[in-house]
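Since the structure comes first, as structure tokens, the remarks are kept for the end.
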Amino acid sequence: MSGPIVLGQWNFWIVLYLWFVGIGTGAFLTAYYINKKGDASDLLARASWIGVAALAAGSLLLLIDLGRPLRFWHMFVSYRGSSVMWIGSWLITITTILMFIVALTKSKGVAVLAAIGAALTASYVGVLLTVSAIQLWSGTLLLPWLFLASAFTTGAAALSLSKNGSRHADVLSEVGKVYGILELIILILFVFWSFAAAPAAALSMVAGKYIGALWVGVLIIGIAAPLYLEIKSDKKISIAATGLMIIFGGLALRYLVVFAGQ
Amino acid sequence: MSTNYAIYFDSSKCMACRACQVTCKQWNDREAEITENRGSYENPPHLSSQTWLRITFHEDKEERNDPFWFFGRNSCLHCTDAPCVSVCPTGAMAHVNDNYVVVDTSWCIGCRYCVKACPYEVPRFNEKRGVVEKCTFCVDRVQNGYQPACVKSCPDSALEFGDRNKMIRKAEVRIAKLKEQGFSGAEIYGEKELSGQYVINILLNEPEAYGMPSNPKGTGKQLAADWGSGVVAAAVMATLPIAWAVNRRMKAGREEK
Ligand code: SF4
Ligand code: SF4
Ligand code: SF4
């Protein structure tokens, strides 16, 4: 007989949610900084729409995943400050609205607030998993860091694939490089730390069931190959390939963390 | 009437008849589950929305002349500092009378965060109903002056019910006796864990032998550390590297021109 079925698993909907949140917040933050240092209001407008779409789609996925989707409003009618999910639900709702206002009005002041909201939202998804009894998630304090790094790589990649991306290809590739290296460092720390905090799950990532997700999906396709392309070549053809690989790697990372943990 | 009752479980007296397990199902209207033989009398293999209490079977690692089995009670421990309550975004999982933890299934949205937060994997998802269910401490019985169904059914004195402080004192006496009899690893579980639980367990071995963590993480300090890391991560990761990357590129761009 197969092992015990643990009902109540967080499954692929959650993986997609984490992935979308990363892309949306990362794209917005990247464009926000590029616009701050130079003129890139076109990019910021594009990024705001990407952010609104990704966060709204992510929230919808989370809603579908509920056992009782129509009761989702129960989350918004009481104060539940101890619950990371409650704080996160407000955070993501407010951030989405702020991004929507930026997309429509291009207001600088609102953009600052939306950027703060985006940074906290990108981080909260890590805290959400950390506050649990799942060893791999709660064993280290690194998940918010890891998800933030991946938010920037996937967000910048999404921008580089977008309509206004080519005009800012150089700076987007620079962001991809810097955060790609950071992500690699944090990932290595995460795996080592997990060997102490959650040995079984760590082993399943490095040499067990999730060996493919870690080495091929996250490391080679998501980080190493794009970094190599970004550093070695300037060819424009590689932008699309690099971007797609990074975005796929972000999905593999969320899948790895969510599934190897449970 | 005092509401400070606790369930007392003595692993050294339990004979695994599982009357408690069956009575729990009867009182709480839980369905039977079809399972397969796994080569153990322990059955079902895990808790579920239909099985709120089950007896676990363990074999002693120490060398003895005879095979030695001991039994654990796998159910909600009704923690004071309950992670399941703390993480619930709707307040559906909550303390009743400040002590027992009950889920209001008419308010639960089925997010399963409590499932991920409980150190004992107690709350279980009912896919049909779309909500989480678990042991209620038989509040419907207790509030009317009856013992929980499991306690009532126990033919031995492995399960008892009474004032929590009395149960702790009783457990201390029992532990001393067990130690005299050579069970050097006997210990109380539930007196201090998670600021005190409303099930007082007498274990013959370390909690891990029963599949329970020795030091379940409480919510307070842990939550502060986790949020601390999250906020610092946001403040650092979303400012310094991106500003540096953008500046560097802009400068390079200007020099090229
Ligand atoms: S044992 Fe689990 S479900 Fe029961 S109160 Fe404690 S944390 Fe909640
Ligand atoms: S599944 Fe229900 S009881 Fe559990 S945390 Fe979500 S809303 Fe609360
Ligand atoms: S009814 Fe009593 S003796 Fe029988 S399994 Fe339950 S606790 Fe053990």
Side-chain angles (χ1 to χ4, degrees), chain A residues 1 3-10 29-30 33-34 36-38 62 65-69 71-72 74-75 77-78 80 82-86 89 115 118-120 122-124 126-134 137-138 141-142 144-145 148-149 152 170-171 173-175 177-179 182 262, chain B residues 36-38 45-46 48-49 83 85-92 107-113 115-121 123-127 129-132 213 216-217 219 222-223 225-231 233-235 237-239 241-250 252-253:
Chain A
M1 193 191 136
I5 343 131
V6 181
L7 287 177
Q9 203 85 317
W10 275 0
L29 285 164
T30 303
Y33 275 97
I34 296 176
K36 218 173 118 185
K37 293 284 159 190
L62 209 60
D65 183 57
L66 293 178
R68 289 292 187 101
R71 289 185 182 173
F72 79 94
H74 290 188
M75 262 196 287
V77 291
S78 42
R80 297 286 311 141
S82 65
S83 170
V84 180
M85 191 180 281
W86 183 84
S89 303
L120 289 172
S123 179
Y124 126 79
V127 181
L128 178 74
L129 298 191
T130 311
V131 179
S132 73
I134 307 282
W137 301 349
S138 64
L141 291 171
L142 291 176
W145 300 78
L148 267 156
F152 276 96
D170 286 349
V171 65
S173 135
E174 186 72 29
V175 173
K177 250 185 280 178
V178 169
Y179 280 93
L182 278 173
Q262 297 181 87
Chain B
E36 274 175 50
N37 189 340
R38 298 177 299 136
H46 52 83
S48 76
S49 66
V85 172
S86 164
V87 302
C88 178
T90 64
W107 193 250
C108 168
I109 58 175
C111 69
R112 285 108 70 219
Y113 201 7
V115 179
K116 302 293 144 215
C118 170
Y120 313 94
E121 290 188 87
R124 295 285 165 142
F125 190 50
N126 182 334
E127 279 182 332
R129 292 186 65 201
V131 295
V132 149
K217 274 189 204 159
T219 58
Q222 193 59 34
L223 195 63
D226 294 345
W227 267 120
S229 176
V231 171
M237 294 287 289
T239 53
I242 178 80
W244 186 73
V246 172
N247 273 339
R248 205 169 105 100
R249 198 60 242 173
M250 296 285 173

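Throughout, a chain's letter reflects where its sequence line sits, starting with A, and its residues are numbered from 1.
One finds the SG atom of B:Cys108 at 7.0 Å from the CZ atom of A:Arg71 (value rounded to the nearest 0.5 Å). Taking CH2 from B:Trp244 and CD from A:Glu174, the interatomic distance works out to 6.5 Å, rounded to the nearest 0.5 Å.
With a 4.5 Å cut-off on non-hydrogen atoms, B:Cys88 touches chain A through its backbone and its side chain both. Both the backbone and the side chain of B:Pro241 come within less than 4.5 Å of a heavy atom in chain A. For a residue to count as touching a neighbouring chain, one of its non-hydrogen atoms must lie under 4.5 Å from one of that chain's; by this rule B:Met250 touches chain A with the side chain only.
Applying the ring pair (Phe, Tyr, Trp, His ring centres under 6.0 Å) criterion to A:Trp137, with sequence neighbours excluded, gives A:Trp10.
The closest side-chain heavy-atom distance from B:Arg112 to A:Asp65 is below 4.5 Å. The closest side-chain heavy-atom distance from A:Tyr179 to B:Met237 is below 4.5 Å.
Of the residues considered (B:Ile242, B:Thr219, B:Thr90, B:Val87), B:Ile242 shows the highest number of contacts with chain A, using heavy-atom pairs under 4.5 Å. In terms of non-hydrogen atom pairs under 4.5 Å with chain A, the most contact-rich of B:Asp226, B:Val85, B:Thr239 is B:Asp226. Between chain A and the residues B:Val132, B:Val231, B:Asn247, the largest count of heavy-atom pairs under 4.5 Å involves B:Asn247. Counting heavy-atom pairs under 4.5 Å between each of A:Arg68, A:Gln262, A:Arg80 and chain B puts A:Arg80 at the top. The most heavy-atom pairs under 4.5 Å with chain A, out of B:Ala225, B:Pro83, B:Gly91, come from B:Gly91. Ranked by heavy-atom pairs under 4.5 Å with chain B, the first of A:Phe72, A:Phe152, A:Trp145 is A:Trp145.
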